[in-house]
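Before any comments, here is the structure.
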Number of protein chains: 2
Amino acid sequence: MSSAAKDIAPSAPKTARGARTRARILKAAEDTFGTLGYHRAGISDITRAAGVAQGTLYCYFSGKEEILRELVRDMGHKVRAHLAASVIGARDRLQAEELGLRAFLEYVSANPSLYRVLQEAQFVDEAIFREYYEAFGKGYMRMLADATRKGEVRPGNDEIRVWALMGMSNFLGLRFALWDQDRSFDEVVATISDLFRNGLALDGKEKA
Amino acid sequence: MSSAAKDIAPSAPKTARGARTRARILKAAEDTFGTLGYHRAGISDITRAAGVAQGTLYCYFSGKEEILRELVRDMGHKVRAHLAASVIGARDRLQAEELGLRAFLEYVSANPSLYRVLQEAQFVDEAIFREYYEAFGKGYMRMLADATRKGEVRPGNDEIRVWALMGMSNFLGLRFALWDQDRSFDEVVATISDLFRNGLALDGKEKA
DNA sequence: AAGAAACCTGATTCAGTTGTCATATTGTGA
DNA sequence: TCACAATATGACAACTGAATCAGGTTTCTT
């Protein structure tokens, strides 16, 4: 598993052609992992989809796991960029939550493979999975803390809240963006927004 | 993969000894999947842990996947029983949520293997994973609807809410019961309870 | 156009896995 | 005690799929 020469990543491509091939392999892996799952997908499935020979894959990646790691990193960048852009211009934190949730659902819907890959990474390389959510959570916590300072959000334990919020998004994405789109994103966002603004309980706030 | 005789499950044990052996294998599989993960765990790892020969496993299960399915069903029963028991005597829905969340965190903490197995089942046999959450969600929705009728909970889309709530529990379990217990369950429960009672926003309810 | 560097090939190797089956053991009812 | 049915064994045949590498092809530079 760690035979010295196995773990070091092959050199990066030096020409445009190489970069193109590497990118083709990555895209093919995303599709293949997305439809077949990481374990069912063989190297030969990926290289066939990419239209290259088996050995070519090892010019750019040390193996299957490194491809997965690369894809998770990719997903991290893309999701964060998409959400950050979606939230620009939000009036307050609550509206930012609405915009962010909608953007997340849209992202999952448009990139089902990457989303699946991320979830599966949990069981292939837990470290990179945690890294993703801890990075995500850190930024999220900062935003909540800011919002609390501005008086938009009740004070509370933001670390716990952030994990709760990420869990919500995760399951809503799974159910309403990946599995069945039988509820409009509007309806999902509205329901969660109501939870954030008013809680679940019918009786009023303890302190207004 | 589906060679006719492969899918039919071997007959159930006819004697107490057989039942005992079957149970030993199941427990060993739970532990082995829990520590190594489903894919890294080999049949030989399971049978070694159970103290039986390789062939014995095939007396009771058609293969690795069937063991996983059995474990997920098991987890479903146990979690539901544990939560149902924990919620008895709750004054209202909000208190039931508190009790239920705490019971869930305790269950995960006490049964990390089963929890991991459930999550991993998503990528081995998605149907049984969905089955678990849809069954869970159905009961949950009924309880929310009852609570709404009693005036304990704001009216809203309970299907969406339930998936959000399950997602919260799932991530809180992962982070604070499975990975690091650096927050007491009390603190987690209190934070989420505050969210349910008062929302995230500082300003008051739209309708009291 | 020659030479060099980067890139690509794919049959083959090989470590590891599952599932089988002929045989042995155990327990039970008559 | 004997017969026989259920249970258990474990060596191994058959298979899988990741990774290799010796050699071929393309592209770039001068």
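Keep in mind it's a predicted model, so treat the numbers as computed, not measured. In what follows, every chain begins at residue 1, and chains take the letters A, B, ... in the order their sequences are listed.
Nearest heavy atom pair, residue G89(A) against residue Q95(A), reads O-OE1, 4.3 Å.
In this structure, the OH atom of Y58(B) is 6 Å from the P atom of dT18(C), given to the nearest Å. The distance from atom CZ of R20(A) to atom C1' of dT27(D) is 11 Å, rounded to the nearest whole Å. The interatomic distance linking Q54(A) (CD) with dG17(D) (P) rounds to 11 Å, in whole Å. In this structure, I67(A) atom CD1 and dA18(D) atom C1' are separated by 12 Å, rounded to whole Å. Straight-line distance from the CZ atom of R48(B) to the P atom of dA11(D): 13 Å, rounded to whole Å. Distance I46(A) CD1 to dT9(C) C1': 17 Å, rounded to the nearest Å. Taking atom CG on L57(B) and atom P on dT20(C), their separation rounds to 12 Å, with Å as the unit.
Under 4.0 Å is where a charged nitrogen must lie from a carboxylate oxygen, and between R175(B) and E159(A) at least one such pair does.
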Between the protein and nucleotides 4-8 of chain D, which nitrogen or oxygen pairs are less than 3.5 angstrom apart?
from	atom 1	to	atom 2	distance (Å)
dT7(D)	OP1	K14(B)	N	2.6
dT7(D)	OP1	T15(B)	N	2.9
dT7(D)	OP1	T15(B)	OG1	3.3
dA8(D)	OP1	T21(B)	OG1	2.3
dA8(D)	OP2	Y60(B)	OH	2.4

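Counted by atom type alone, E98(B) and S193(B) present one or more donor-acceptor pairs between their side chains at under 3.5 Å. For the 3.5 Å distance criterion, the side chains of N170(B) and Q119(B) qualify, holding a donor opposite an acceptor.
A donor-acceptor contact shorter than 3.5 Å is absent between the side chain of Y140(B) and the backbone of D158(B). Side-chain N or O atoms of T56(A) include none that pairs as donor or acceptor with a backbone N or O of V52(A) at under 3.5 Å. In this structure, S109(A) contributes its side chain and L105(A) its backbone to no donor-acceptor pair below 3.5 Å.
Of the residues in residues 35-45 of chain B, not one comes within less than 4.0 Å of DNA chain D through any heavy atom.
Cation-pi geometry between K78(B) and Y107(B) is not satisfied (NZ or CZ under 6.0 Å from the ring centre, within 45° of the ring normal).
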